[in-house]
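Written below as structure tokens is the structure these notes are about.
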2 protein chains.
Amino acid sequence: MADEATTRWLDEREQAVWREFLVATLMLWERLARELADAGLSMPEYELLVRLSEAPGWQLRMSDLAGGLVSSRSRLTHTIGRMEARGLVERRACPSDKRGVLAAMTEAGYQVLVDAAPTHVTGVREHLFDHLTAEQVDSLGAAMGQVGRHLREA
Amino acid sequence: MADEATTRWLDEREQAVWREFLVATLMLWERLARELADAGLSMPEYELLVRLSEAPGWQLRMSDLAGGLVSSRSRLTHTIGRMEARGLVERRACPSDKRGVLAAMTEAGYQVLVDAAPTHVTGVREHLFDHLTAEQVDSLGAAMGQVGRHLREA
DNA sequence: CGGGAATAGTTGAAATCTAAACGGTCTTGG
DNA sequence: CCAAGACCGTTTAGATTTCAACTATTCCCG
């Protein structure tokens, strides 16, 4: 695919940016996960509840949910299974497609989300946005938007 | 910690940036991981070999390595164990501290790294840097640098 | 010097994630 | 209409990660 001779290597600046991106992203993720753990949720579980809270009827098709969360269908099945056992979510038959399954947030799930949200949002502020200028926020948004669009196509 | 009333919520722009950051980062990670899998390495394993390749004598203390990789000590122990079984790495006694262990890259490990590097670097270029302007690269580097510094302190 | 606290790394079990294969259901071209 | 193929979600097994002990060593302070 890419052989030694024709590879466009990263220059030192790019290497440094890439490493800082990797490291900061990992630390940020780990930190937010630790804070969320106090509320009894993992990052993916929190994002999942957020998606459902925004959906009409607090429910979404499994595969739409998986797509939005950048999760494999298999992983989502497991995650929903665990959350269903805790009563945060429930499965419903999909009226329009007998293959389909709807994941729906319960009232208990909504309560857990409401409890976790202030701490989580505060964490995102304190650990990310508070350290960025307005220009950096715009730049980050534009950059990640482009990267995301590219990866969604390919 | 942060209660409902005093939380500084994210405005719509910030929410959008945060979500795009999360999603793009996950997609990027997943894509690079898939490409690296062809070379028989996971992302953490690749980064681990890179760190060792930069270290004097191709070796580092376990905890220094864990710190650099943003990995728990336990995870590193397991990862090194598996890589040692594959012959990519070996453990050595630490001369200065009898508690310590040095992780050292083998010649075979170096070969695997050299094989994987072109594909991986090309992926980082194609999926990240090729979509960023020079200004966005600078901005991203500065932003992640600040976030990283903050998280290292706290 | 001595003992308590901190540090380094490992261990083993439980939780989570990945990967491949499977059973239903839909869809579409002929 | 009806097979062939695509799609949906699940399942299972294996790999990886987390979490909480645990051992051994070093550090620190009286």
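In the text below, chain A, chain B and the rest are named by the order of the sequence lines, each starting its count at 1. Source: prediction; values computed, not measured.
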Sorted by number, residues from residues 86-101 of chain B placing a heavy atom under 4.0 Å from DNA chain D are B:Asp97, B:Lys98, B:Arg99

Could you check whether A:His127 and A:Glu35, counting side-chain N and O atoms only, form a donor-acceptor pair closer than 3.5 Å? yes

Any side-chain heavy atom of B:Leu41 sitting closer than 4.5 Å to one from B:Leu88? yes

Charged N to carboxylate O below 4.0 Å: is that the case for B:Arg19 and A:Glu54? yes

Residues in salt bridge (charged side-chain N to carboxylate O under 4.0 Å, His left out) contact with B:Arg149, at least two apart in sequence or another chain: none

Please report the C-alpha distance between B:Asp64 and B:Arg51 in whole Å, then the side-chain angles of each, then the deciding distance to 0.1 Å, and finally whether the salt bridge (Lys or Arg N to Asp or Glu O under 4.0 Å) criterion is met. CA-CA 10 Å; B:Asp64 295 337; B:Arg51 297 288 177 151; over 6 Å; no

For the CZ atom on B:Arg13, are there more than 12 heavy atoms of other groups (residues, nucleotides or ligands in this structure) within a distance under 6.0 Å? yes

Stepwise salt bridge (Lys or Arg N to Asp or Glu O under 4.0 Å) check, A:Glu126 with A:Arg31: CA-CA 11 Å; A:Glu126 287 184 353; A:Arg31 178 61 169 267; over 6 Å; no

For DNA chain D, what residues of residues 46-78 of chain B have any heavy atom nearer than 4.0 Å? B:Ser74, B:Arg75, B:His78

First locate atom CH2 of B:Trp18, then atom CG of A:Leu140, and finally report the distance between them rounded to the nearest 0.5 Å. 10.0 Å

Show your working on side chain to side chain contact (heavy atoms under 4.5 Å, CB included) between A:Val89 and A:Leu52 and close with a plain yes or no. CA-CA 9 Å; A:Val89 129; A:Leu52 290 182; 3.7 Å; yes

Five-pair end axes of the helix from C:dC1-D:dG30 to C:dG30-D:dC1, angle between them (10°): 30°

Charged N to carboxylate O below 4.0 Å: is that the case for B:Asp97 and B:Arg99? yes

Would you check if B:Met105 and B:Glu90 make a side-chain contact, meaning some heavy-atom pair closer than 4.5 Å? no

Shortest non-hydrogen contact between B:Thr106 and B:Trp58, atoms and distance: O-CZ3, 4.0 Å

Hydrophobic clusters here meaning ILVMFWY residues chained together by side-chain heavy-atom distances under 4.5 Å, can you tell me if A:Leu113 and A:Leu102 are in one? no

Apply side chain to side chain contact (heavy atoms under 4.5 Å, CB included) to B:Leu10 and A:Arg125, showing your working. CA-CA 8 Å; B:Leu10 303 180; A:Arg125 271 218 162 289; 3.9 Å; yes

Apply salt bridge (Lys or Arg N to Asp or Glu O under 4.0 Å) to the pair B:Glu20 and A:Arg152, showing each step before the final yes or no. CA-CA 12 Å; B:Glu20 200 59 65; A:Arg152 261 180 280 267; 3.0 Å; yes

Heavy-atom nearest nucleotide on DNA chain D taken for A:Leu102 and for B:Pro44; more 5' hit belongs to A:Leu102

What is the 5' to 3' range of DNA chain D, first to last nucleotide, that sits under 4.0 Å from any heavy atom of chain A? D:dC7 to D:dT12

Span of DNA chain C engaged by chain B, first through last nucleotide within the 4.0 Å heavy-atom cut-off, is C:dT7 to C:dG12

